[in-house]
There are 2 protein chains.
Amino acid sequence: MLQDQNFFDTLSDETRRRLLALLFRQGELCVCELQYAVDMPQPKISRHLAVMREAEVLAVRREGTWIYYRLHPGLPLWAYRIVEAMTQSISQSHLFDRDAARLEEMANRPARCSA
Amino acid sequence: MLQDQNFFDTLSDETRRRLLALLFRQGELCVCELQYAVDMPQPKISRHLAVMREAEVLAVRREGTWIYYRLHPGLPLWAYRIVEAMTQSISQSHLFDRDAARLEEMANRPARCSA
DNA sequence: TGTAAATATTCGATATGGAGAATATGATTA
DNA sequence: TAATCATATTCTCCATATCGAATATTTACA
């Protein structure tokens with residue numbers, strides 16, 4: 001079950017907020033897409049995703065080699081509202097603009113291949 | 001101006017969330033009321049309030065010996081929504097129940113004296 | 001001006017979190 | 001089974017946050 005402390009710890013790191021905002025807007029993304037979007041070392045992304053997974057803020061689905069992350073479906077409404085408001089805020093920053101733009105420009109996205 | 005990082009740092013500490021929730025619901029409280037409600041050493045309260053004041057999450061008003069804290073009036077809407085949702089969540093906890101109950105039972109509350 | 005009440009600040013110790021680098025695991029395909 | 005791609009974990013180092021204890025500051029009032 002989601003613990004308050006873990007949830008707010010999740011939000012206390014800018015990298016995690018960027019990943020979370022991308023997932024909130026896109027619905028589901030695999031690690032390599034998130035990595036490409038925020039342009040950071042893979043282990044770093046993986047660790048931050050693990051923090052959010054263990055906090056039950058994110059849920060995971062495996063499909064072959066790829067692992068897809070999404071908002072945890074059991075997220076309480078109050079927590080969902082907070083993620084929504086955070087996303088609204090971060091969406092206005094250049095930082096997030098670039099994340100979203102990079103994601104759009106990414107070639108060979110796994111979701112596209114399987115689609 | 002409110003910085004994202006400072007705002008979310010504010011929320012990462014449970015004591016600060018308790019203080020913030022009390023202020024969200026009561027509108028304005030002085031340090032001794034907050035101290036009485038959460039039942040913690042005065043320097044600890046004061047330091048946590050300072051963190052939120054410096055982050056521009058809280059605003060301050062002095063009246064004689066007492067210093068009243070309240071939500072910062074310039075808080076952006078998205079941040080206000082987050083405080084609102086956080087308060088909604090914490091309000092369901094026994095922890096917060098007791099905070100609110102202690103505040104109600106407090107004798108000689110300064111606001112009452114001046115009213 | 002001296003004292004008391006309310007609040008703030010400083011200091012030293014400890015703990016926690018994030019970073020980079022290296023390595024491990026797991027699935028796929030040749 | 002070997003090689004490769006995607007992802008996860010471990011380790012050590014460093015920075016930062018929090019705490020308790022002590023002390024300082026500000027205001028009111030005798």
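So you know, we letter chains A, B, ... as the sequences are listed, proteins then strands, and number each from 1. These numbers were taken from a predicted model, which means no experiment stands behind them.
Residue pairs satisfying the salt bridge (Lys or Arg N to Asp or Glu O under 4.0 Å) criterion with at least one member in residues 34-47 of chain A, sequence neighbours excluded, are absent.
Distance, B:Arg53 CZ to C:dT7 P: 12 Å, rounded to whole Å. Rounded to an integer number of Å, the gap from CD1 of B:Ile67 to C1' of C:dA8 is 8 Å. Here the P atom of nucleotide C:dA8 and the CD atom of B:Glu54 are 11 Å apart, to the nearest Å.
Checking each of A:Met52, A:Arg16, A:Met86 against A:Leu11 for a side-chain contact (heavy atoms from CB on, under 4.5 Å) leaves exactly one that passes, namely A:Met86.
No donor-acceptor contact under 3.5 angstrom links the side chains of B:Arg17 and B:Thr10, judged on distance only.
With sequence neighbours left out, the salt bridge (Lys or Arg N to Asp or Glu O under 4.0 Å) criterion links B:Arg18 to B:Asp99. By the salt bridge (Lys or Arg N to Asp or Glu O under 4.0 Å) test, A:Arg61 pairs with A:Glu28, A:Glu63, sequence neighbours left out.
When side chains are defined from C-beta on, A:Asn6 does not count as touching A:Val51, because their heavy atoms never get closer than 4.5 Å.
Under a 3.5 Å cut-off, the side chain of B:Gln5 and the backbone N or O of A:Ser12 do form a donor-acceptor pair.
Residue B:Tyr69 has a polar side-chain atom (N or O) positioned under 4.0 Å from OP1 or OP2 of C:dA8.
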Under 4.0 Å protein heavy-atom contact, by nucleotide of nucleotides 17-30 of chain C - B base, S sugar-phosphate only: -SBB-B---SSS--
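Heavy-atom contacts of chain B under 4.0 Å fall on DNA chain D between two terminal nucleotides, which in 5' to 3' order are D:dT18 to D:dA28.
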Please tabulate, for the side chains in residues 74-85 of chain B, all donor-acceptor contacts under 3.5 angstrom to protein atoms that are two or more places apart in sequence or on a different chain.
none

